[in-house]
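Report on the following structure.
All values derive from a computational prediction rather than experimental measurement.
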Amino acid sequence: MRNKIAVTKNVGALLRAYESLAGRDPGIPGIGLVHGYTGAGKSTATAWLVNRTNGVYLRAAATWTPSAMLGRGVVELGGEAATHRGASAMVDYIVRRLAEENRPLFVDEADYLFRDLRMLETLRDIHDLSAQPVVMIGMEGIARRLKTREQLSGRISQWVEFLPADLEDARTLATTVCEVTLDDELLERLHAEAKGSMRLMAVGLARIESLAKGNGWKSVSAEKWGDRRFFFGAPGADK
């Protein structure tokens, strides 16, 4: 499989939203929200955008506290959490480095921030004080939960909902990452069984490619694939 990003409709929408955040007029808030169901490709697209923008990436965890979040931010910006004692000192460091280096901040799995609302408020402070874009990435229910936090939701000026991939997106994914070709019938079967999940389609494409390479095939048809499973939980035979 090729290590490339498939520029699907969701990825294109994410790029346009970020460009609007980065180029916003003075006085316009710069928090972005990316949300959608699991498997939609949010984290993969975010990783691509982080690399493209020299962004700072934080992946929230269930065990996070405000201090843990800030410590991770300090480390990602090249500092040592142990030398910045106290939340205030860590916020100051993060704000200063983001502003000096003109870097956006991305927080993946942002649903975990609701376990301690001080983390959401601290993220708002970082945005306000640094004036750099802050992008939160979360599950499909995060938009509803954020609406109850008016001080934060009022600062969200760009939002992208990652929708299930359509058949055109499935073709884009297959031609971008798969090193063998699929006939239309096989691609349509994969798309239908994955229900538009980019993650599941990627697993299926990897299995198809593995079978093809093992047999010396340049292309795989629905007939060649037979009744094999595309991914765990899909209908078909265990082959």
Side-chain angles (χ1 to χ4, degrees), residues 9-38 40-43 45-47 49-50 52-62 64-74 76-77 87-163:
K9 296 176 183 65
N10 286 332
V11 173
L14 174 62
L15 179 59
R16 291 190 296 273
Y18 176 77
E19 289 174 343
S20 294
L21 280 180
R24 69 192 187 280
D25 293 331
I28 301 299
I31 294 183
L33 174 66
V34 180
H35 63 109
Y37 72 101
T38 184
K42 302 182 299 297
S43 292
T46 298
L49 185 58
V50 169
R52 184 184 177 98
T53 62
N54 190 32
V56 179
Y57 176 82
L58 304 181
R59 196 274 191 195
W64 259 19
T65 62
S67 292
M69 179 182 77
L70 291 170
R72 189 70 252 164
V74 167
E76 290 298 323
L77 281 160
S88 180
M90 289 192 284
V91 168
D92 288 346
Y93 178 84
I94 291 169
V95 165
R96 184 175 71 255
R97 292 298 299 271
L98 289 176
E100 288 175 351
E101 299 176 13
N102 195 31
R103 298 177 71 183
L105 175 65
F106 296 82
V107 183
D108 203 355
E109 303 289 349
D111 308 78
Y112 286 127
L113 302 184
F114 285 88
R115 291 172 179 260
D116 187 333
L117 296 179
R118 291 178 300 168
M119 291 191 283
L120 287 173
E121 296 304 321
T122 299
L123 200 60
R124 177 171 63 88
D125 288 341
I126 290 171
H127 160 265
D128 291 354
L129 295 169
S130 71
Q132 297 304 308
V134 173
V135 180
M136 296 185 293
I137 305 95
M139 297 294 292
E140 52 190 332
I142 194 173
R144 173 180 50 79
R145 299 174 75 183
L146 281 168
K147 288 178 182 178
T148 67
R149 310 296 301 175
E150 293 183 3
Q151 285 189 312
L152 185 62
S153 63
R155 288 166 167 78
I156 297 174
S157 58
Q158 294 292 326
W159 56 94
V160 178
E161 181 180 5
F162 268 49
L163 300 171

Once rounded to the nearest 0.5 Å, what's the spacing between atom [atom1] of [X] and atom [atom2] of [Y]?
X	Y	atom1	atom2	result
R115	D111	CZ	CG	9.5 Å
L146	L120	CG	CG	6.5 Å
L152	E150	CG	CD	11.0 Å
L123	L105	CG	CG	6.0 Å
S43	R59	OG	CZ	7.5 Å

Qualifying residues under side-chain contact (heavy atoms from CB on, under 4.5 Å), relative to [X], sequence neighbours excluded:
X	answer
S20	Q158
D128	R124, R155
A131	none
A68	W64, T65

So do [Y] and [X] actually touch side chain to side chain, heavy atoms under 4.5 Å?
X	Y	value
R96	S130	no
V160	L33	no
V56	L98	yes
L70	I126	yes
D108	Y57	yes
V34	F162	yes
T122	M69	yes

Closest non-hydrogen atom pair, [X] against [Y]:
X	Y	answer
F106	T46	CD2-CG2, 4.0 Å
R103	L77	NH1-CD2, 3.9 Å
S157	P29	OG-O, 2.6 Å
P133	A22	CG-CA, 4.2 Å
A110	M136	CB-CB, 3.9 Å

I'd like to know whether M139 forms a side chain to side chain contact (heavy atoms under 4.5 Å, CB included) with K42, so could you lay out the CA-CA distance, the side-chain angles of the two residues, the decisive distance to 0.1 Å, and finally the verdict.
CA-CA 9 Å; M139 297 294 292; K42 302 182 299 297; 4.3 Å; yes
Which residues satisfy the salt bridge (charged side-chain N to carboxylate O under 4.0 Å, His left out) test with [X], sequence neighbours excluded?
X	result
E76	R72
D125	none
R149	E121
R118	D116

Could you tell me whether the side chain of R24 and the main chain of L21 form a donor-acceptor pair under 3.5 Å?
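Yes.
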Given 3.5 Å as the limit, does a donor-acceptor pair link the side chain of H35 with the main chain of I137, or not?
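No, the answer is negative, given that no donor and acceptor are paired below the 3.5 Å cut-off.
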Enumerate donor-acceptor pairs with a distance under 3.5 Å from any side-chain N or O in residues 11-19 to protein atoms, sequence neighbours excluded.
unit_1: R16; atom_1: NH1; unit_2: G12; atom_2: O; d: 3.4

Would you please name every residue forming a side chain to side chain donor-acceptor pair (under 3.5 Å) with Y112, sequence neighbours left out?
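Counting only residues at least two positions away or on another chain, Y112 forms no side chain to side chain donor-acceptor pair (under 3.5 Å).
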Could you tell me which residues satisfy side chain to side chain donor-acceptor pair (under 3.5 Å) with E161, sequence neighbours excluded, listed by chain and number?
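Partners of E161 under the side chain to side chain donor-acceptor pair (under 3.5 Å) test: none.
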Please collect all side chain to side chain donor-acceptor pair (under 3.5 Å) contacts where either partner lies in residues 133-147, sequence neighbours excluded, each pair once.
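Counting only pairs at least two positions apart or across chains, no side chain to side chain donor-acceptor pair (under 3.5 Å) contact touches residues 133-147.
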